[in-house]
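So that the names make sense, note that chain A is the first sequence line, chain B the second, and so on, each numbered from 1.
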Amino acid sequence: MTVRTRFAPSPTGYLHIGGARTALFCWLYARHHHGQFILRIEDTDRERSTPEAVQAILDGIAWLGMKEDEGPFYQTQHFERYREVAQKLLNARHAYHCYCSKEELEQMRNEQLARKQKPRYDGRCRTHPVSRAGVQPVIRFKNPQSGQTTVNDLVRGRVVFENSELDDLIIARSDGTPTYNFTVVVDDMDMHITHVIRGDDHLNNTPRQINIFNALGAKPPEYAHLPMILGPDGAKLSKRHGAVSVMQYREDGYLPEAVINYLVRLGWSHGDQEIFTREEMIRFFDIADVNKSASAINPDKLLWLNQHYIKSGDPDRLAAELGWHLMRIGITVTDTVKLAAVVRAQAERARTLKEMAEASRFFFEEFTDYDAKAAVKNFTVETLPALREIRARLAAIEEWSAPAIHRVLEGTVAALGVKLGKVAQPVRVAVSGGGVSPPIDVTLELLGRECSLRRLDRAIGWIETGRS
RNA sequence: GCUCCCUUCGUCUAGAGGCCUAGGACGGAGCCCUCUCAAGGCUUAAACACCGGUUCGAAUCCGGUAGGGAGCGCCA
């Protein structure tokens, strides 16, 4: 039997890190077993589902590179099927109509809570459904009242639930629309899902779903409940910390491979290995190696991974991303060769592409002011001779390249009898406007002769006139 | 309240009775390298929640305690 997994988000918000991790594990498991990964949108809550959220989820999945093999399917398109299955359950006396009003239910719940009992439906319509004029009944599933239901969870192990703890859940609302625990079962059954991999907030729903499978005469799938993902402070993930759309990560300058690599290590491990190529993840992934306990997001580690991928990634590909980030801060660059060269020069000093774009502005546009501290420190009467000397020597260079520039730098240093830093740093401030840049020879090469000389002249003038 | 789940360095984790004076990674600290910032190299601090039991021997097995979480909707 080929493995079939599904990722089934409800489109009520964006795809956040938790959902992305669940999708990743489903995707990896399917890929590992040469099976299918199915995308199913659980949009039966028409009040809260939005097309924007659907799109955001699709975009997120695509950005992370988890292409679905089937779907996306929409539950709202399966209403006929749910009705049919509900009717089947009704006919087989595995479900019944319930005419209890919401008020009645509410009262029941309050009384049970007051008695310190677990709130649940008491089954009053189960045996004697009293139809009431004008009341559209809901359909309830007749849950077994005795015995136990066992979930042989692939990550939790054997979890046993007393059926007496479960009540008769509503599978169809009074308006005829189906509810979650029912649609999940029908779809998982119809789509021949073999492994349900989902967040562990669903563990408690599992025995109910298994009972519905049983009533339908269908074999339940295997289940694997993943531990939660917590915010950096160990608190539940919320909009405040971490629960942003995965697309926000792109905007913040992260690479999808870094996000995926970060996510795969949240709750899963393969010995001590930290860096995984996509192929390795697929090859090594196994639910048996998934952890039971919740894990907190560690932004620093994500940053570290991101830089790793920036350093090791293909500069030409990264160049396009850098161009995108530059554009977002108002700089349009069409020279992809230069972009790639900047990526090479900046890779080891940028943790995100966004940082890289910000640190690379001076390569593409003129800066207005010098960084005050850097100017005070490096633009002095003492550095003026060095600046003039290097300016003159640079102007005479035949081939404008980093190695040639480096030789000039060393020649200048030797002639002046000072340390390299005494010359390099003032030059750096002169051409970049600040105290930070890639190695000065590389920086000058990238800037080009004309620009470098012009900025050097500007700096010399600035010092001569006592700041301008 | 009831049911279910979880518990190794700050964080992610290795560990499936002796290989553990508990390993790796991020982050931290220190040193080295160095034209800035980084990157890199080396070193280092830092954890088995607690209490009992089983065993010659327990981070690993069992029980309890504590703490955390989830669920208990005509939401998904």
Side-chain angles (χ1 to χ4, degrees), chain A residues 8-12 42-45 47-49 75 98 100-102 105-106 109 112-121 136-140 151 153 156-157 159-162 164-167 169-175 177-181 183-184 199-207 225 227-228 230 232-234 236 262 265-275 291-305 307 311 346-351 359 374 378 406 409 413 419-429 432 434-441 443:
Chain A
S10 64
T12 51
E42 309 216 323
D43 54 353
T44 52
D45 183 349
E47 300 284 299
R48 299 194 296 157
S49 299
Q75 291 196 316
C98 169
C100 296
S101 66
K102 288 186 181 179
L105 261 18
E106 181 63 28
R109 199 185 334 276
Q112 287 162 330
L113 249 17
R115 267 180 273 136
K116 296 185 187 295
Q117 290 178 338
K118 182 180 193 169
R120 73 238 281 205
Y121 181 62
Q136 278 300 314
V138 298
I139 300 174
R140 283 185 187 273
V151 181
D153 194 90
R156 307 284 150 155
V159 183
V160 181
F161 293 85
E162 292 295 330
S164 56
E165 288 294 331
L166 278 19
D167 64 358
L169 69 153
I170 290 171
I171 59 175
R173 305 180 179 97
S174 40
D175 66 0
T177 58
T179 59
Y180 171 73
N181 280 110
T183 59
V184 169
D200 75 2
D201 47 333
H202 289 291
L203 184 55
N204 287 294
N205 285 325
T206 310
H225 288 93
M228 293 205 76
L230 277 16
D233 58 356
K236 190 181 170 185
Y262 179 71
R265 286 286 290 100
L266 229 41
W268 175 82
S269 60
H270 181 70
D272 286 336
Q273 190 168 342
E274 295 288 351
I275 308 287
N291 263 198
K292 290 180 168 75
S293 49
S295 40
I297 289 175
N298 182 346
D300 285 328
K301 189 164 180 181
L302 208 209
L303 244 14
W304 170 72
L305 275 166
Q307 179 162 47
K311 285 190 296 181
Q346 298 275 226
E348 62 195 28
R349 70 205 85 236
R351 294 183 303 177
N378 296 287
H406 194 76
L409 212 49
V413 165
K419 297 225 276 192
L420 188 54
K422 284 289 175 205
V423 179
Q425 200 55 12
V427 173
R428 170 170 286 112
V429 179
S432 76
V436 177
S437 88
I440 199 63
D441 48 357
T443 299

Worksheet item: So does A:Thr179 reach the base of B:rC74 with its side chain, donor to acceptor, closer than 3.5 Å?
Response: no

Item to complete: Taking only the side-chain heavy atoms of A:Arg265 (C-beta and beyond), determine which of B:rC74, B:rA76, B:rU13 contains the nearest atom.
Response: B:rU13

Worksheet item: Under a 3.5 Å cut-off for both distances, is B:rG10 Watson-Crick or wobble paired, and to whom?
Response: B:rC26

Fill in: Who pairs with B:rA70 - Watson-Crick or G-U, where each distance is under 3.5 Å
B:rU3

Discussion item. Nearest 0.5 angstrom please: A:Gln75 CD to A:Glu42 CD, how far?
Written reply: 4.0 Å

Worksheet entry | Distance test, side-chain N/O of A:Gln112 to OP1/OP2 of B:rG1, below 4.0 Å | no

Worksheet item: Looking for any heavy atom pair under 4.0 Å, which part of the strands does A:Glu162 touch: base, sugar-phosphate only, or nothing?
Response: nothing

Worksheet item: What's the closest nucleotide to the A:Glu165 side chain, out of B:rC74, B:rC2, B:rC35?
Response: B:rC2

Fill in: Closest heavy-atom pair and its distance - A:Lys292, A:Pro227
O-CB, 3.5 Å

Worksheet item: How do A:Pro438 and A:Ser101 order along RNA chain B: which one's closest nucleotide is nearer the 5' end?
Response: A:Pro438

Worksheet item: A:Arg109 and A:Gln112: side-chain donor and acceptor closer than 3.5 Å?
Response: no

Worksheet item: Closest approach of A:Leu230 and A:Gly234, non-hydrogen atoms and distance?
Response: CG-O, 3.4 Å

Discussion item. Heavy-atom count check: over 12 atoms from other residues, nucleotides or ligands less than 6.0 Å from A:Arg351 CZ?
Written reply: no

Worksheet item: Does A:Lys301 place a side-chain N or O at less than 4.0 Å from the phosphate oxygens OP1/OP2 of B:rU13?
Response: no

Worksheet item: Base, sugar-phosphate, or nothing: which does A:Glu274 touch, judged by heavy atoms less than 4.0 Å apart?
Response: base

Item to complete: Check every strand shown and say whether A:Gly199 touches a base, only sugar-phosphate, or nothing at a heavy-atom separation below 4.0 Å.
Response: nothing

Discussion item. From NE2 of A:His270 over to C1' of B:rC12, roughly how many Å is that when rounded to an integer?
Written reply: 17 Å

Practice prompt. Let me know the distance between OH of A:Tyr121 and C1' of B:rG73, rounded to the nearest Å.
Written response: 15 Å

Worksheet item: Roughly how many Å is it from CZ in A:Arg115 to C1' in B:rG1, rounded to a whole number?
Response: 12 Å

Practice prompt. Measure the distance from CH2 on A:Trp268 to P on B:rA25 and round it to the nearest whole Å.
Written response: 17 Å

Item to complete: Can you see which heavy atom on A:Thr443 is nearest to which on A:Ser437, and at what distance?
Response: OG1-OG, 3.2 Å

Practice prompt. Could you check which nucleotide pairs with B:rU60 in any of the strands shown, counting Watson-Crick or G-U wobble with both distances under 3.5 Å?
Written response: none

Discussion item. Considering every strand and a 4.0 Å limit on heavy-atom distances, what is the contact class for A:Thr44: base, sugar-phosphate, or nothing?
Written reply: sugar-phosphate

Worksheet item: C1' atom, B:rG63 versus B:rG27: distance in rounded Å?
Response: 38 Å

Worksheet, complete the sentence: Result for 5'-nearest mapping on RNA chain B, choosing between A:Tyr180 and A:Ala424, is A:Ala424

Fill in: Residue pair A:Val138 / A:Ser174: nearest heavy atoms and the distance that separates them
CG1-N, 3.5 Å

Item to complete: Scan A:Pro227 against the nucleic acid and name what it touches under 4.0 Å (heavy atoms): base, sugar-phosphate only, or nothing.
Response: nothing

Item to complete: Rounded off to whole Å, could you give me the CE-to-C1' distance for the A:Met228 and B:rU7 pair?
Response: 16 Å

Practice prompt. Counting Watson-Crick and G-U wobble pairs only, both distances under 3.5 Å, name the nucleotide matched with B:rA45, or none.
Written response: none

Practice prompt. May I have the distance from A:Asp167 (atom CG) to B:rC2 (atom P), rounded to whole angstrom?
Written response: 18 Å

Worksheet item: Do A:Arg428 and A:Pro438 have side-chain heavy atoms sitting under 4.5 Å apart?
Response: no

Discussion item. Mind checking if A:Arg156 touches a base, just sugar-phosphate, or nothing, with heavy atoms under 4.0 Å?
Written reply: sugar-phosphate

Worksheet entry | Nearest-angstrom distance, C1' atom, B:rG64 to B:rU21 | 30 Å

Worksheet item: Below 3.5 Å, does any donor atom in the side chain of A:Asn204 face an acceptor in the base of B:rA70, or the other way round?
Response: yes

Worksheet item: With a 4.0 Å cut-off on heavy atoms, is A:Lys292 in touch with a base, just the backbone sugar-phosphate, or nothing at all?
Response: sugar-phosphate

Discussion item. Please give the distance between the C1' atoms of B:rG52 and B:rG69 as a whole number of Å.
Written reply: 26 Å

Discussion item. Any base atoms under 4.0 Å from A:Ile440, or only sugar-phosphate, or nothing? Heavy atoms, all strands.
Written reply: base

Discussion item. Would you say A:Ser437 places a side-chain N or O within less than 4.0 Å of OP1 or OP2 belonging to B:rC37?
Written reply: no

Response to the item:
A:Arg349 CZ to B:rC37 P, in whole Å, measures 11 Å

Discussion item. Taking only the C1' atom of each, what is the distance from B:rG18 to B:rC61 in whole angstrom?
Written reply: 14 Å

Worksheet item: Base, sugar-phosphate, or nothing for A:His225, non-hydrogen atoms under 4.0 angstrom?
Response: nothing

Worksheet entry | Span that lies between the C1' atom of B:rA46 and that of B:rU13, in whole angstrom | 15 Å

Item to complete: Look at A:Asn291 and B:rA14 and indicate whether a side-chain polar atom (N or O) is within less than 4.0 Å of OP1 or OP2.
Response: yes

Discussion item. Quick check: any donor-acceptor pair below 3.5 Å linking the side-chain of A:Asp201 to the base of B:rG71?
Written reply: no

Practice prompt. Measure the distance from CZ on A:Phe161 to C1' on B:rU3 and round it to the nearest whole Å.
Written response: 8 Å

Practice prompt. Report which part of the nucleic acid A:Lys116 touches: base, sugar-phosphate, or nothing (heavy-atom distance under 4.0 Å, all strands).
Written response: sugar-phosphate

Worksheet item: Expressed in whole Å, how much space separates the P atoms belonging to B:rA14 and B:rG24?
Response: 15 Å

Discussion item. Measuring to OP1 and OP2 of B:rG73, would you say a side-chain N or O of A:Arg109 lies under 4.0 angstrom away?
Written reply: yes

Fill in: B:rU7 and B:rC48, which share atom name P, separated by this distance in whole Å
16 Å

Item to complete: Report the C-alpha separation of A:Thr206 and A:Phe161 in whole Å, then their side-chain angles, then the decisive distance to 0.1 Å, and conclude whether the side-chain contact (heavy atoms from CB on, under 4.5 Å) test is met.
Response: CA-CA 10 Å; A:Thr206 310; A:Phe161 293 85; 5.7 Å; no

Discussion item. If you compare every side-chain N and O of A:Lys311 against the phosphate oxygens of B:rA38 (OP1, OP2), does one of them come in below 4.0 Å?
Written reply: no

Worksheet item: What about A:Arg428: does its side chain form a donor-acceptor pair under 3.5 Å with the base of B:rC35?
Response: yes

Worksheet item: Base, sugar-phosphate, or nothing for A:Asn205, non-hydrogen atoms under 4.0 angstrom?
Response: base

Worksheet item: How far does the C1' atom of B:rA38 sit from the matching atom of B:rA22, given to the nearest Å?
Response: 34 Å

Item to complete: Hunt down the Watson-Crick or G-U wobble partner of B:rC35, both distances under 3.5 Å, from any strand shown, or write none.
Response: none

Item to complete: Answer with base, sugar-phosphate or nothing: what part of the nucleic acid does A:Val159 contact at a heavy-atom distance below 4.0 Å?
Response: sugar-phosphate

Worksheet item: How far apart are the C-alpha atoms of A:Arg265 and A:Gln273, what are their side-chain angles, what is the distance that settles it, and do they pass the side-chain contact (heavy atoms from CB on, under 4.5 Å) test?
Response: CA-CA 9 Å; A:Arg265 286 286 290 100; A:Gln273 190 168 342; over 6 Å; no

Item to complete: Would you classify A:Ser293 as touching base, sugar-phosphate or nothing, given that sugar-phosphate means primed atoms plus P, OP1 and OP2, and contacts are heavy atoms under 4.0 Å?
Response: sugar-phosphate

Worksheet item: Touch check for A:Asp441, heavy atoms < 4.0 angstrom, all strands: base, sugar-phosphate only, or nothing?
Response: base

